[in-house]
Protein chains: 2
Amino acid sequence: MYGVQMSLKYAVLGALLEGEASGYDLAKIFDVSVSNFWAATPQQLYRELERLAADGLVEARVVAQDRRPNKRMFTLSAAGRQDLAAFTAKEPRPTAARDELLVKVQALDVGDADAVRGHIAERMDWARGKLARYERVRIHLLGGLSEEDFLRDSDRIGPYLTLMRGMSFEEENLRWARRALEILDRRAANRTVQLP
Amino acid sequence: MYGVQMSLKYAVLGALLEGEASGYDLAKIFDVSVSNFWAATPQQLYRELERLAADGLVEARVVAQDRRPNKRMFTLSAAGRQDLAAFTAKEPRPTAARDELLVKVQALDVGDADAVRGHIAERMDWARGKLARYERVRIHLLGGLSEEDFLRDSDRIGPYLTLMRGMSFEEENLRWARRALEILDRRAANRTVQLP
DNA sequence: CGCACCTATTCAACGAATTGACTACAAGGT
DNA sequence: ACCTTGTAGTCAATTCGTTGAATAGGTGCG
């Protein structure tokens with residue numbers, strides 16, 4: 001039935017902990033937060049929801065709307081919740097990184113260093129944008145509480161912890177990129193001096 | 001011929017900038033450094049090398065060994081080097097994250113919080129090990145020079161920049177994990193006090 | 001008035017990735 | 001003699017991921 005690469009399944013079940021959602025809703029939720037640690041396209045989500053429904057891990061109902069296409073809303077079933085809980089106890093497999101920018105950085109010395117410089121600068125813009133969106137999500141999660149109170153009293157801190165991770169990841173991205181640009185610029189300056 | 005997801009191709013070509021290597025060698029190189037930004041299994045590498053050779057981007061020669069199976073050694077061809085250089089100029093696609101640990105952290109509140117705590121602690125051990133190995137690679141890359149001298153004078157800084165990224169990524173991992181454990185432990189302590 | 005974008009999903013096709021099993025031989029230890 | 005680990009790969013099956021396109025009405029903008 002399922003391969004070993006089944007985290008998408010649990011990423012979806014985990015997202016449904018927030019409440020009932022359509023495939024379209026999930027696509028948006030993934031876009032703003034889940035994609036930070038598990039990216040998925042809408043097609044993947046629709047397919048996965050189909051399977052989860054077939055396996056009884058989610059319950060589906062069709063909601064007719066006027067002025068809009070029908071939508072199917074999904075909720076976590078008791079079996080789904082149990083499956084998700086059991087999943088948390090199993091060893092996670094190590095992270096598999098996939099960053100095309102770094103493939104380009106690796107080859108920078110035989111390639112177009114200026115273009116790569118540009119890519120790094122764009123990555124910084126992207127990271128700043130992501131951080132701003134994360135900060136909004138954070139405010140929303142806290143719901144008026146201080147971080148300390150929230151983390152002590154809330155009965156649902158998982159999403160906050162993963163959000164913290166997303167934020168510090170992007171901050172780290174920025175730090176690295178700043179340093180890399182500094183290094184590239186210093187070298188570019190040296191080159192122009194040494195080649196009259 | 002090729003899809004749009006072609007970074008593995010360039011990760012391999014980039015790794016061959018270091019010199020001639022067999023599929024087996026590449027698997028080891030990926031394991032210690034490249035996998036930090038582009039993970040690949042040996043099977044993927046063998047398949048990719050086959051294709052690269054067919055396309056004339058690498059040159060292959062069979063080396064007969066006694067007491068060992070034959071091996072095929074690959075070198076970057078002029079065409080391969082050009083292709084790699086052209087690749088660096090193109091827009092990189094955004095990073096796609098895949099971290100199963102964070103899927104578990106997200107669902108921690110309905111799952112086995114102690115087990116997840118354990119997974120985070122293991123991730124810290126892993127990160128510390130990775131950092132130690134990176135530090136050895138760093139010393140090797142510097143070849144006796146100070147970082148400043150190396151970054152100013154070397155004609156190949158790409159690998160150093162990606163290594164920096166790998167190191168700061170793991171350091172960030174550690175910082176996040178420490179904070180997460182702190183939070184989980186504080187909550188666990190509160191629970192035992194409040195449930196007599 | 002028209003055009004582009006948003007909601008909401010489905011389908012088809014293809015390419016990429018993952019897993020497990022299998023082949024061989026060598027070196028080193030118990 | 002046996003077992004494990006390391007070298008150096010290949011093959012087949014299946015799952016996963018990606019892209020493009022089709023459907024179909026609604027909303028906002030100039």
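Reckoned from all heavy atoms, side chains included, excluding hydrogens, waters and symmetry mates. Residue numbers begin at 1 in each chain, while the letters A, B, ... track the order of the sequences.
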Worksheet item: More 5' along DNA chain D: B:N70 or A:A39, using each one's nearest nucleotide?
Response: B:N70
Discussion item. Ignoring hydrogens and geometry beyond distance, is the side chain of A:Q43 in donor-acceptor contact with the base of D:dG20 at under 3.5 Å?
Written reply: yes
Fill in: Pairwise salt bridge (Lys or Arg N to Asp or Glu O under 4.0 Å) hits with a residue in residues 75-87 of chain A, at least two apart
A:K9-A:D83
Practice prompt. Compare the minimum distances between each of D:dA8, C:dA17, C:dT19 and the side chain of A:R98, then state the nucleotide with the smallest one.
Written response: C:dA17
Worksheet item: Taking atom P of D:dG17 as reference, at what distance in whole Å does atom NZ of A:K9 sit?
Response: 14 Å
Worksheet entry | Spacing between A:L8 atom CG and C:dA16 atom C1', to the nearest angstrom | 16 Å
Item to complete: Starting from P on D:dC16, measure out to CG on A:L52 and report it in whole angstrom.
Response: 11 Å
Worksheet item: Does A:Y24 have a side-chain nitrogen or oxygen under 4.0 Å from the phosphate oxygens OP1 or OP2 of C:dT7?
Response: yes
Discussion item. I'd like to know if A:R47 reaches the base of D:dG17 with its side chain, counting only an N/O donor and acceptor under 3.5 Å.
Written reply: yes
Discussion item. When you measure from the side-chain N and O atoms of A:Q65 to the phosphate of C:dT7, is any distance below 4.0 Å, counting only OP1 and OP2?
Written reply: no
Worksheet entry | Pairing of B:E18 and B:R156 as salt bridge, 4.0 angstrom limit | yes
Discussion item. Using OP1 and OP2 only, check whether a side-chain N or O of B:R72 sits under 4.0 Å from D:dT7.
Written reply: no
Discussion item. Rounded to whole Å, please give me the gap between CD in B:E50 and P in D:dG9.
Written reply: 10 Å
Practice prompt. Rounded off to whole Å, could you give me the CZ-to-P distance for the A:R93 and C:dT18 pair?
Written response: 10 Å
Discussion item. Any side-chain to backbone donor/acceptor pair from A:T88 onto B:A107? Under 3.5 Å, distance only.
Written reply: no
Worksheet item: Phosphate oxygens OP1/OP2 of D:dT19: is one of them under 4.0 Å from a side-chain N or O of A:T41?
Response: no
Practice prompt. Could you state the atom-to-atom distance from CE of A:M6 to C1' of C:dA17 in whole Å?
Written response: 17 Å
Discussion item. Are B:F37 and B:R165 packed together at the side-chain level, in the sense that at least one heavy-atom pair is separated by less than 4.5 angstrom?
Written reply: no
Worksheet item: Taking the side chain of B:S22 as heavy atoms from C-beta outward, which of D:dT10, D:dG9, D:dG17 is closest to it?
Response: D:dG9
Worksheet item: Just how far, in rounded Å, is P of C:dG15 from CD of B:Q44?
Response: 17 Å
Worksheet item: How close or far is atom C1' of C:dC6 from atom CG of A:D25, stated in whole angstroms?
Response: 13 Å
Item to complete: Answer yes or no: does a side-chain N or O of B:R51 lie under 4.0 Å from OP1 or OP2 of C:dG15?
Response: no
Item to complete: Compute both the distance and the angle, then confirm whether B:R93 meets the cation-pi test with A:W126: under 6.0 Å from the six-membered ring centre, within 45 degrees of the axis.
Response: no
